[in-house]
Amino acid sequence: MKFTKFFIIKLFFLFFCGGNIFCFTPVATSNLLLGYIENDSSVKESALAVQKAQLSLDSEKINNGFDITLSTGNISFKFDDKNSFSMNPQVELQIPQASNMVVSLSTNLPGEKSNFPLNNFKFNMEINLLSSANLERQISLLKAQRTYDEAMQNLQNQTVNCEKSFYNDLKSILNSIDNVLSLQKTLYTNKIEFETVKSQEYSENSSTYRTAQLKILSNEYDIEKQIRSLIHSYIVFYKKCGYDISEFSDLQLSQSFDFFNLIPLDIQETEPFDIHSFDMNLFSEIEKAVWTNKINSMQRKSKSNFSLRANAGLTFSENKTIDAGLSSTIGGINVAADINVPIQKGSSSPSVTFSATVSPNNFLTNSIVKKTDIINEQQENLAIEKAKNNYETYVVEYEQKLNDLKWNKESSEEYYQMYSKIENDLEKWYKDGFVTESEYYSAKVNAQSYFLKTIINKIELIIYNDEILSLFVQ
């Protein structure tokens, strides 16, 4: 799993309430992100789904592996002068890996006191000579493994999506700060205009004077409203990360507060992923379409119209015999043949049993199934082609998106340097009394706004990498 390096937010809330100053203690973003992921219900559900898929896979491996069944059969006690008992023990061994072999052994154990002669001893073995049972077993195991792999992939995707959601929320907060800065810029501009109106000696009752004054009051209201929204966003964001800061909900940030202090300064530069560096075959849509075609092709192959199974056995009873048989399915015809050969002197002659059944409808349905399978395979191949086309579209889309992000990064840095220089110049002129406070703060807000854009660009690159990761199977 590729994750971006974590940064530490330097957030210092100065809350002014009743003359007291409150300081908000910052939390490392690594802890915020971990808390955000830990509190995400989708991640929790995906983690449980992985555990469940692992148990299903373990169960499937057991069911398709070596199996032995031991049975005592019926045990009978007879309380008389001889105090006898009898039992019918049985043993059955199944080995799916060995052509679905089944070996069984059974006998009767009648006894009087300590004398237990064998009676009715039977041994039998069955095995597939030609069958799709092994292929069906492989399909069953592959499906169980696939379910587990998809659960793991979904957990990884949910974690990446959760990280992306975290940074989107953080980006939204920074955009709110940018809105505050933008409103402050408008306020400083209107203050400059108001100072101009006052310098022109307009009467306080004149419409020009009152209009300029109302603009400032309106700006101050808009800023207060945006600040309340910003505080709300921080409280909700921290709550998602597992931190309760609701006690600050009634506090206000002063309009004189420098909102530049709310901008996280330690977001590290992230190298954007090159989408071409990822294997096209691991593009999630392509990988899924290819897998579907592969497993369905195996299932189509397992629908064999011909099978052959053999069995052989040995019986020790009053008549000792060797038994053997063959059974086969050919389309809609089922045939079976058994032979019984006595091996005891004076016994009866060998016997042969033969049976056959015919189901004409099976021939018709088999023909329909074959035609349906051909259409299904064509649809699966089309799905693969569609997935490849979607991959090419995503490549172009994210190449352009990366170009835009790089352009935004370069532009924001260039404008920040330019406005930062203007801010430094105006700061000197303001101290020397050549420019007004509003003019200086207007330049300062411009510089802060473009610096904020450089931080947002870093977050957008992290989100871009998360989006790339979500497109491919890890």
Side-chain angles (χ1 to χ4, degrees), residues 1-9 26-58 144-174 233-234 236-244 264 266-289 291 387 390-391 394-395 397-398 401-402 405 455-474:
M1 172 65 64
K2 301 178 182 177
F3 281 103
T4 58
K5 294 183 178 179
F6 302 125
F7 59 88
I8 299 178
I9 299 180
V27 179
T29 304
S30 57
N31 293 334
L32 288 176
L33 177 57
L34 289 175
Y36 197 97
I37 294 174
E38 289 174 356
N39 285 283
D40 187 84
S41 59
S42 297
V43 174
K44 293 179 181 179
E45 291 172 358
S46 298
L48 292 175
V50 170
Q51 297 179 32
K52 186 176 180 181
Q54 179 65 67
L55 293 174
S56 297
L57 177 59
D58 293 340
Q145 182 65 52
R146 177 68 178 186
T147 300
Y148 173 77
D149 292 341
E150 288 182 343
M152 279 295 298
Q153 181 62 40
N154 184 59
L155 174 59
Q156 293 175 4
N157 287 342
Q158 289 296 340
T159 305
V160 171
N161 289 336
C162 191
E163 183 188 45
K164 184 173 67 173
S165 178
F166 171 86
Y167 284 112
N168 274 321
D169 285 351
L170 183 57
K171 176 184 172 183
S172 177
I173 289 175
L174 295 183
S233 296
Y234 266 112
V236 173
F237 177 68
Y238 266 73
K239 185 63 177 178
K240 288 182 179 180
C241 299
Y243 297 88
D244 188 3
D266 295 333
I267 299 180
Q268 298 183 7
E269 196 76 37
T270 302
E271 188 67 26
F273 293 148
D274 179 6
I275 194 170
H276 293 284
S277 66
F278 291 81
D279 187 355
M280 183 184 75
N281 294 322
L282 293 181
F283 179 64
S284 58
E285 292 185 27
I286 294 178
E287 192 274 341
K288 183 177 181 180
W291 156 259
N390 289 343
Y391 168 78
Y394 274 111
V395 167
E397 177 183 343
Y398 277 92
K401 189 171 186 177
L402 182 56
L405 289 174
I455 302 300
I456 292 176
N457 181 261
K458 292 180 181 180
I459 293 177
E460 288 175 339
L461 284 174
I462 295 173
I463 295 173
Y464 170 85
N465 283 349
D466 285 340
E467 290 177 353
I468 294 292
L469 285 176
S470 299
L471 294 177
F472 294 88
V473 175
Q474 303 300 314

Visitor: Would you please say whether a donor-acceptor pair under 3.5 Å links the side chains of Y167 and D466?
Guide: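 Per modelled atom types, Y167 and D466 side chains form no pair under 3.5 Å.
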
Visitor: Please evaluate residues R146 and K288 with respect to the criterion side-chain contact (heavy atoms from CB on, under 4.5 Å), reporting the C-alpha separation (whole Å), side-chain torsions for both, the decisive distance (0.1 Å), and the verdict.
Guide: CA-CA 10 Å; R146 177 68 178 186; K288 183 177 181 180; 4.2 Å; yes

Visitor: When you measure from the side chain of D169 to the backbone N and O of S233, does any donor-acceptor pair fall under 3.5 Å?
Guide: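 The answer is no, because no donor-acceptor pair under 3.5 Å joins these two groups.
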
Visitor: Can you see whether Q153 engages N157 through a side-chain donor-acceptor pair at a distance of less than 3.5 angstrom?
Guide: yes

Visitor: Measure the CD-CD distance between E150 and Q145 for me, rounded to the nearest 0.5 Å.
Guide: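 Result: 11.0 Å between the selected atoms.
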
Visitor: Kindly say whether N168 contributes a backbone atom to a donor-acceptor pair with the side chain of S172 at under 3.5 angstrom?
Guide: no

Visitor: Is any side-chain heavy atom of Y234 closer than 4.5 Å to a side-chain heavy atom of I173?
Guide: yes

Visitor: Quick one: do E269 and L461 satisfy side-chain contact (heavy atoms from CB on, under 4.5 Å)? Show the steps, please.
Guide: CA-CA 9 Å; E269 196 76 37; L461 284 174; 4.2 Å; yes

Visitor: Rounded to the nearest 0.5 Å, how far does NZ of K44 lie from CG of L155?
Guide: 13.5 Å

Visitor: If every non-hydrogen atom of S46 is compared with every non-hydrogen atom of Q158, which pair is closest and at what distance?
Guide: OG-CG, 3.1 Å

Visitor: Between S284 and L471, is there a donor-acceptor pair closer than 3.5 Å when you use the side chain of the first and the backbone of the second?
Guide: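 Yes: the side chain of S284 pairs with the backbone of L471.
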
Visitor: side-chain contact (heavy atoms from CB on, under 4.5 Å) for T159 and I37? Distances and angles first, verdict last.
Guide: CA-CA 7 Å; T159 305; I37 294 174; 4.1 Å; yes

Visitor: From K164 NZ over to N161 CG, what is the distance, rounded to the nearest 0.5 angstrom?
Guide: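 One finds 5.0 Å between NZ of K164 and CG of N161.
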
Visitor: Do E163 and L33 have side chains that approach each other closer than 4.5 Å (heavy atoms only, starting at C-beta)?
Guide: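 Yes - at least one pair of side-chain heavy atoms lies under 4.5 Å apart.
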
Visitor: How long is the span from the OH atom in Y464 to the CD1 atom in I275, to the nearest 0.5 Å?
Guide: 6.0 Å

Visitor: Is it the case that Y36 and S165 place a side-chain donor and acceptor less than 3.5 Å from each other?
Guide: yes

Visitor: Give, for atom CG of D274 and atom OH of Y398, the distance between the pair rounded to the nearest 0.5 Å.
Guide: 14.5 Å

Visitor: Rounded to the nearest 0.5 Å, what separation is found between the CD atom of Q156 and the OG atom of S470?
Guide: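 Interatomic distance, Q156 CD to S470 OG, rounded to 0.5 Å: 10.5 Å.
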
Visitor: May I ask you to check whether over 12 heavy atoms, not counting those of Y394, lie within 6.0 Å of atom OH?
Guide: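 No, not enclosed.
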
Visitor: Checking Q54 against D58: is there a side-chain donor and acceptor pair closer than 3.5 Å?
Guide: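 Note: D58 and Q54 side chains meet the donor-acceptor criterion.
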
Visitor: Between the side chain of E460 and the main-chain N/O of L405, is any donor-acceptor distance below 3.5 Å?
Guide: no

Visitor: Could you tell me which non-hydrogen atom of E287 sits nearest to which non-hydrogen atom of N281, and how far apart they are?
Guide: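 Residues E287 and N281, closest heavy atoms: CB-O, 3.6 Å.
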
Visitor: Start with the C-alpha distance between F472 and Q474, add both sets of side-chain angles, then the distance that settles side-chain contact (heavy atoms from CB on, under 4.5 Å), and finish with yes or no.
Guide: CA-CA 6 Å; F472 294 88; Q474 303 300 314; 4.1 Å; yes

Visitor: Would a 4.5 Å heavy-atom cut-off, applied to side chains only, mark F273 and F278 as touching?
Guide: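 Answer yes - side chains close enough.
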
Visitor: Do you know the tightest heavy-atom contact between P272 and L402?
Guide: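 For P272 and L402, the tightest heavy-atom pair comes out as CB-CD1, 3.5 Å.
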
Visitor: Which heavy-atom pair separates I286 from M280 by the least distance, and what is that distance?
Guide: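 Shortest heavy-atom contact: CD1-O, 3.5 Å.
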
Visitor: Please report the closest heavy-atom contact between A151 and V50, naming both atoms and the distance.
Guide: O-CG2, 3.3 Å

